[in-house]
Asks: 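The structure under discussion is supplied below as structure tokens; questions concerning it will follow.
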Amino acid sequence: MAENFTDEGLDRILNNAPGGAGTLDTTLYLAALTTAGTVEGTTPLTGSLVPNRTTVWVTHYITRGGEPTIGTGAYARKAVVNSDWGAAATNGSGRRRTCAQESFAASSAAWSNPNVIGYAVATASTAGAGVAYGYANFDDASTVAVNAAGITLQVTPFWQLDI
Amino acid sequence: MMAPEMVDLSENSVAYFDKGVEAAGFYLLEGEPSESVVRPTSGDQFYDEDGEPVVLENGRMAVGHIVDGEPVLGTVSTGEEITVKHESNMTPGTQVFPGVDGFYYKDPNGGES
């Protein structure tokens, strides 16, 4: 049986994603993932690898993600408020809600794990708590080195559902 | 001269806000974390804190940081509902300031406090 979604249907689903009216999570937090993390405990994270699927942001996934230590080099998770998420618009074969560009605080020194290959969208500012909506590499598979003071990491998350 | 008081990150949550606050910066989160019931579904291999594989039996998986417990590595059955806490309903409160090794209640560089 074939199945298909309409744009209007996708929009209604997307409006229940974070950023929509009445959603569970009014503020989300971005976490940096670095090359200090691993997949399956052994394979280093790269521009094309991020931690595996999980529903819960589990303690050992923090380690696997190689997140910089919160509080060193002025690293903290970046709050993403509800109003940052834009309206749905057609993108490729689906509908996408793009977030405003998010800027982590400028580093005050090198982050403890400086080579950032992606980020996570989580429900807690604290390492080891909450739910991870997901992990992402940067679209251009790049690595951003936050290895000195005065570097600002910027990311632009989005939600997309395809028909 | 007293040493500036540091934020105890084991007791407090700090996040960086640049919207919804008077000044962009780091803020303690106020309010109580909310709780959600989730149902782990992953069949992935898990590892303990020493990098040793966790033996999975009968579809059981490892999880950590369950509400009402320390951040521990335990196991629950796949599909078993567990409760996790999150801070997505909390709001920015007191502003804090970054130092070399953590956050301080007063700006260690001598700015506003």
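Order of the sequence lines fixes the chain letters, A, B, ..., with proteins taken first and strands second; residue numbering starts at 1 for each chain. Here the structure is a predicted model, which means the values were calculated and not measured.
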Asks: Please collect all side-chain hydrogen bond (donor to acceptor under 3.5 Å, both in side chains) contacts where either partner lies in residues 138-153 of chain A, sequence neighbours excluded, each pair once.
Replies: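 Pairs touching residues 138-153 of chain A that pass the test: A/Asp140-A/Ser142.
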Asks: Please report the interatomic distance NE2(B/His86) to OH(A/Tyr29), rounded to the nearest 0.5 Å.
Replies: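 Reported value, rounded in 0.5 Å steps: 10.5 Å.
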Asks: Other residues, nucleotides and ligands only: do more than 12 of their heavy atoms fall within 6.0 Å of CD on B/Glu32?
Replies: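 No, not enclosed.
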Asks: What is the minimum heavy-atom distance between B/Phe103 and A/Tyr75, and which atoms define it?
Replies: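 It is CZ-O, 3.7 Å.
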Asks: How about A/Phe5: does its CZ atom have over 12 heavy atoms from other parts shown lying under 6.0 Å from it?
Replies: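 Atom CZ in A/Phe5 is not packed in, count stays at 12 or less.
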Asks: Heavy-atom distances under 4.5 Å only: say whether B/Asp18 touches chain A with side chain, backbone, both or neither.
Replies: both
Asks: Shared ILVMFWY cluster between A/Phe104 and A/Trp85, side chains joined below 4.5 angstrom?
Replies: yes
Asks: Once you round to the nearest 0.5 Å, how far does CD of A/Glu102 lie from OH of B/Tyr16?
Replies: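 The distance works out to 10.5 Å.
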Asks: Chain B heavy atoms under 4.5 Å from A/Ile70: which part of the residue, side chain, backbone, both or neither?
Replies: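 Looking at A/Ile70, backbone and side chain both touch chain B.
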Asks: With heavy-atom distances below 4.5 Å as the criterion, would you say the side chains of B/Glu87 and A/Thr126 are in contact?
Replies: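 Yes - at least one pair of side-chain heavy atoms lies under 4.5 Å apart.
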Asks: Using the rule that two of Ile, Leu, Val, Met, Phe, Trp, Tyr join whenever any of their side-chain heavy atoms come within less than 4.5 Å, decide whether A/Ile151 and A/Trp111 are in one cluster.
Replies: yes
Asks: What part of A/Ala74 lies closer than 4.5 angstrom to a heavy atom of chain B: side chain, backbone, both or neither?
Replies: both
Asks: Is there a side-chain contact between B/Leu29 and A/Ser125 in this structure, where contact means two heavy atoms from C-beta onward sitting under 4.5 Å apart?
Replies: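 The answer is yes, as the side chains (C-beta and beyond) meet within the 4.5 Å cut-off.
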Asks: If every non-hydrogen atom of B/Lys19 is compared with every non-hydrogen atom of A/Asp84, which pair is closest and at what distance?
Replies: CD-OD1, 2.9 Å
Asks: I'd like to know if A/Tyr119 and A/Tyr133 are part of one continuous hydrophobic network [Ile/Leu/Val/Met/Phe/Trp/Tyr, side-chain heavy atoms within less than 4.5 Å].
Replies: yes
Asks: Can you get from A/Val116 to A/Leu28 by hopping between Ile, Leu, Val, Met, Phe, Trp and Tyr side chains that sit under 4.5 Å apart?
Replies: yes
Asks: Starting at NZ of A/Lys78, measure out to CZ of B/Phe26 and round the result to the nearest 0.5 Å.
Replies: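 The NZ atom of A/Lys78 sits 10.5 Å away from the CZ atom of B/Phe26.
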Asks: Does one side chain, of A/Thr123 or B/Ser88, offer a donor that lies under 3.5 Å from an acceptor on the other?
Replies: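 Distance-only check fails for A/Thr123 and B/Ser88.
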Asks: May I ask you to check whether over 12 heavy atoms, not counting those of A/Gln101, lie within 6.0 Å of atom CD?
Replies: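 Counting other residues, nucleotides and ligands, CD of A/Gln101 exceeds 12 neighbours.
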Asks: Give, as side chain, backbone, both or neither, the part of A/Thr26 having an atom under 4.5 angstrom from any heavy atom of chain B.
Replies: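 It is both, since atoms from each part get that close.
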